[in-house]
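Report on the following structure.
Numbers for residues simply follow the sequence, beginning at 1. Bear in mind that the values here come from a model prediction, so they are computed numbers and not experimental data.
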Amino acid sequence: MKLLQNSGVPIYQQIAEQLKTDILAGKLKEGDYLPSIRGLAKDLKISVITTMKAYELLEAEGLVTAAQGKGFYVNAQDNEMLKEQHLRRVEEALQEAIQAAEIAGMTDEELQGTLQALLRMKEN
């Protein structure tokens, strides 16, 4: 897990986002346990409170559940919900790309051309 100290994004949010990505990508599956709060805090050299806050954020989103004395485990994921979350991430990334393109002075056609070129590179 990579944490960026100067990113402006709180550490707990970075942890939650990385774990969420792993859950949505299927790297962490239904029933898998997350690393223990203390263990993750020790590995990342951060506060236990910070790790707990990240796990509570995931729990509030319905991605994980706390099991008394066992830690947090990944919930079953509704395929429609997963698809919606992926679509939302794509939309957010495209919004960021549009904003960056505007700052760079790109036309809509140039931006579309860049996206098409990237899609072709992916296919090869």
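Summarising the geometry, atom CD belonging to Glu110 is positioned 11.0 Å from atom CD belonging to Gln112; distances are rounded to the nearest 0.5 Å. The distance from the CG atom of Leu63 to the CD1 atom of Ile23 is 5.0 Å, given to the nearest 0.5 Å. Between the OG1 atom of Thr114 and the CE atom of Met106 there is a distance of 3.5 Å, given to the nearest 0.5 Å. The structure places CD1 of Ile11 at 7.5 Å from OG1 of Thr50, a figure rounded to the nearest 0.5 Å. Rounded to the nearest 0.5 angstrom, Asp108 CG and Ile98 CD1 are separated by 8.0 Å.
Sorted by first and then second residue, the salt bridge (charged side-chain N to carboxylate O under 4.0 Å, His left out) pairs involving residues 34-61 (not counting sequence neighbours) are Lys20-Glu61. Sorted by first and then second residue, the ring pair (Phe, Tyr, Trp, His ring centres under 6.0 Å) pairs with a member in residues 95-124 form an empty list; sequence neighbours excluded. Screening residues 85-100 for salt bridge (charged side-chain N to carboxylate O under 4.0 Å, His left out) gives Glu17-Arg89 as the qualifying pairs, with residues at least two apart or on separate chains. For residues 23-50, every residue pair satisfying the ring pair (Phe, Tyr, Trp, His ring centres under 6.0 Å) rule, not counting sequence neighbours, is listed here: Tyr33-Tyr73. Residue pairs meeting the side chain to side chain donor-acceptor pair (under 3.5 Å) criterion with at least one partner in residues 1-11, sequence neighbours excluded, are Ser7-Gln14. Applying the ring pair (Phe, Tyr, Trp, His ring centres under 6.0 Å) rule to pairs touching residues 39-63 yields Tyr55-Phe72, sequence neighbours excluded.
Scored by the side-chain contact (heavy atoms from CB on, under 4.5 Å) test, Ile103 finds no partners at all (sequence neighbours excluded). The ring-ring contact (aromatic ring centres under 6.0 Å, His included) test applied to Tyr12 returns no partner, not counting sequence neighbours. Evaluation of the side-chain hydrogen bond (donor to acceptor under 3.5 Å, both in side chains) rule for Asn75 yields Thr65 as partners, not counting sequence neighbours.
A 4.5 Å side-chain heavy-atom check between Leu34 and Val74 finds at least one atom pair inside the cut-off. Within the 4.5 Å cutoff, the side chain of Gln18 has heavy atoms near those of the Leu3 side chain. No side-chain heavy atom of Leu28 sits under 4.5 Å from any side-chain heavy atom of Val64. In this structure, the side chains of Leu44 and Ile15 come closer than 4.5 Å at one or more pairs of heavy atoms.
The minimum heavy-atom distance between Leu58 and Ala16, with the atom names listed, is CD2-O, 3.5 Å. The minimum heavy-atom distance linking Ala97 with Leu111 is given by the pair O-CD1, 4.4 Å.
Leu94 belongs to a hydrophobic cluster with Val90, counting contacts under 4.5 Å between side-chain heavy atoms of Ile, Leu, Val, Met, Phe, Trp and Tyr, direct or through other members. Hydrophobic cluster of Leu4: no remaining members, since no ILVMFWY side chain lies below 4.5 Å from it. By the 4.5 Å side-chain criterion applied to Ile, Leu, Val, Met, Phe, Trp and Tyr, Leu115 is assigned to a cluster that also includes Leu119.
Leu57 and Met52 sit in two unconnected hydrophobic clusters of ILVMFWY residues. Membership requires side-chain heavy atoms under 4.5 Å apart, directly or through other members.
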- [ ] Check the pair Asp32 / Lys27 against side-chain contact (heavy atoms from CB on, under 4.5 Å), numbers first and verdict last.
- [x] CA-CA 10 Å; Asp32 286 352; Lys27 291 180 186 174; over 6 Å; no
